[in-house]
**Student:** 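Handing you this structure, nothing more for now.
Whatever order the structure lists them in is the order used to number ligands and atoms, beginning at 1.
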Amino acid sequence: MPELLDTVLLTTNFPDLHLKASGKVRDVYDVDAGHLLFVATDRISAFDYILATGIPNKGRVLTQMSMFWFDFLKDVVPNHVASANVSEYPQALQKYADQLQGRSMLVKRAEMFPVECVARGYLSGSGWKEYQATGSVCGIPLPPGLRDSDQLPEPIFTPATKAETGHDENISFDRMVGILGAELSEQLRSLTLTIYKKAADYARQRGIIIADTKFEFGRTAAGITLADEALTPDSSRFWPLDTYAPGKSQNSYDKQFVRDYLESIKWNKQPPAPALPVDVAAKTSEKYVEAYRHLTGHELHG
Ligand code: PZK
């Protein structure tokens, strides 16, 4: 069987580029007036911390899965991708081709909207907590009697903003309207639900429940544009369909081996975050590659 043998990348190293934004997993660099370089590393976070060990192939899976979804959704929403083929990137980036191949996208600079557009098709996480306390999620009343991880009667839109803590803070649709105005907020809500439904229907037929997902949109010459990563395990909750059983929290498609290991060593969830045993990292890598294969029908290449 052919092996995937790329180098694990924890930290990007582009000494002559300006780092515009850095997340737990992704780094974004300025390129020119119209473009940014978006790079997915192999970092993995669990319980809110970046672990000391990278996951082989994770950055390539995230990038190529986003590219799959951007193409899948291209007739519904324009996206920010200019190219993911390094040979088409500007000359100044060619010396980094080895670091960039397969894990990066040259993207069009967008004017980003400062609201995260979350769609939820199932009750989980902060949504489940809020529902237990209030019967609503982000001000949307839900029927009584729902259990942890139940499918909702209809997917809901639950916007959020980046709080000072770096955590996302759920906001009401009315607060979103206060930030972006009614017309744009309604367009983003409608678009978010349309693309979540289309993607989640497709994924469920291929054995993966996308319980919820976060989109980031901005404005480009093409109009409202889907940016960032899209519909990856890092921006979504992926659950394996074959073991789905509401009434309890679900196993994570991708991170379950990591969470189980961290629980087994009774890490106090304070820094420094531990390293992972090689077998835990390898099995986790296989889950990302498997998710890519299930969704796309293709092996992760190169
Ligand atoms: C942009 N982020 C979020 C934070 C990341 C990403 N096409 C674009 N145009 C302008 N700005 C952005 C994008 C995109 N995508 C997105 N920050 C800037 C973010 C941290 C790490 F990878």
**Student:** Which word best sums up how the rings of Y244 and W239 line up, parallel for under 30°, tilted for 30 to 60°, or perpendicular for over 60°?
**Tutor:** parallel
**Student:** After noting the C-alpha distance and the side-chain angles of T12 and Y29, does the key distance pass the side-chain hydrogen bond (donor to acceptor under 3.5 Å, both in side chains) rule?
**Tutor:** CA-CA 10 Å; T12 56; Y29 290 84; 2.5 Å; yes
**Student:** Compute the shortest N/O to N/O distance between K108 and ligand 1 and return yes if it is under 3.5 Å, no if not.
**Tutor:** yes
**Student:** Report the part of D228 (side chain from C-beta onward, or backbone N, CA, C, O) that has a heavy atom under 4.0 Å from ligand 1; answer both or neither where that applies.
**Tutor:** both
**Student:** Let me confirm one number: the CZ-CD distance from F215 to E116, rounded to the nearest 0.5 Å.
**Tutor:** 12.5 Å
**Student:** Using a heavy-atom cut-off of under 4.0 Å, does the side chain or the backbone of M112 touch ligand 1, or both, or neither?
**Tutor:** side chain
**Student:** With respect to D234, which candidate in R26, K58, R43 satisfies the salt bridge (Lys or Arg N to Asp or Glu O under 4.0 Å) definition?
**Tutor:** K58
**Student:** Quick one: which ligand 1 atoms are inside 4.0 Å of a heavy atom on F38?
**Tutor:** 15 (N), 22 (F)
**Student:** Does any non-hydrogen side-chain atom of L184 lie less than 4.5 Å from one of R219?
**Tutor:** yes
**Student:** List the closest protein heavy-atom neighbour of atom 18 (C) of ligand 1: residue, atom name, distance to the nearest 0.1 Å.
**Tutor:** K20 CE, 3.9 Å
**Student:** For R109, take its heavy atoms, then give the atoms of ligand 1 lying under 4.0 Å from any of them.
**Tutor:** 9 (N)
**Student:** Identify, for atom 17 (N) of ligand 1, the protein heavy atom at the shortest distance, and state residue, atom and that distance.
**Tutor:** A21 CB, 3.8 Å
**Student:** Given D42, which of R60, R103, K24 fulfils the salt bridge (Lys or Arg N to Asp or Glu O under 4.0 Å) condition?
**Tutor:** R103
**Student:** Given that the side chain starts at C-beta and the backbone is N, CA, C, O, which of these parts of E229 lies under 4.0 Å from ligand 1, counting heavy atoms, or is it both or neither?
**Tutor:** neither
**Student:** Measure up the Y202 and F68 rings against each other and bin them: parallel (under 30°), tilted (30 to 60°), perpendicular (over 60°).
**Tutor:** tilted
**Student:** Using the side chain to side chain contact (heavy atoms under 4.5 Å, CB included) definition, which of the options T192, I195, V81 pairs with L226?
**Tutor:** I195
**Student:** Relative to each other, are the rings of W69 and F72 parallel, tilted or perpendicular (30° and 60° limits)?
**Tutor:** perpendicular
**Student:** Counting heavy atoms only, name the option from T220, V107, V28 that's nearest to atom 5 (C) of ligand 1.
**Tutor:** V28
**Student:** Checking the N or O distance criterion of under 3.5 Å, is ligand 1 in contact with L36?
**Tutor:** no
**Student:** Do any nitrogen or oxygen atoms of S22 lie less than 3.5 angstrom from nitrogen or oxygen atoms of ligand 1?
**Tutor:** no
**Student:** Name the closest protein heavy atom to atom 10 (C) of ligand 1, giving the residue it belongs to and the distance to 0.1 Å.
**Tutor:** A110 O, 3.1 Å
**Student:** Does some non-hydrogen atom of G218 fall short of 4.0 Å from ligand 1?
**Tutor:** no
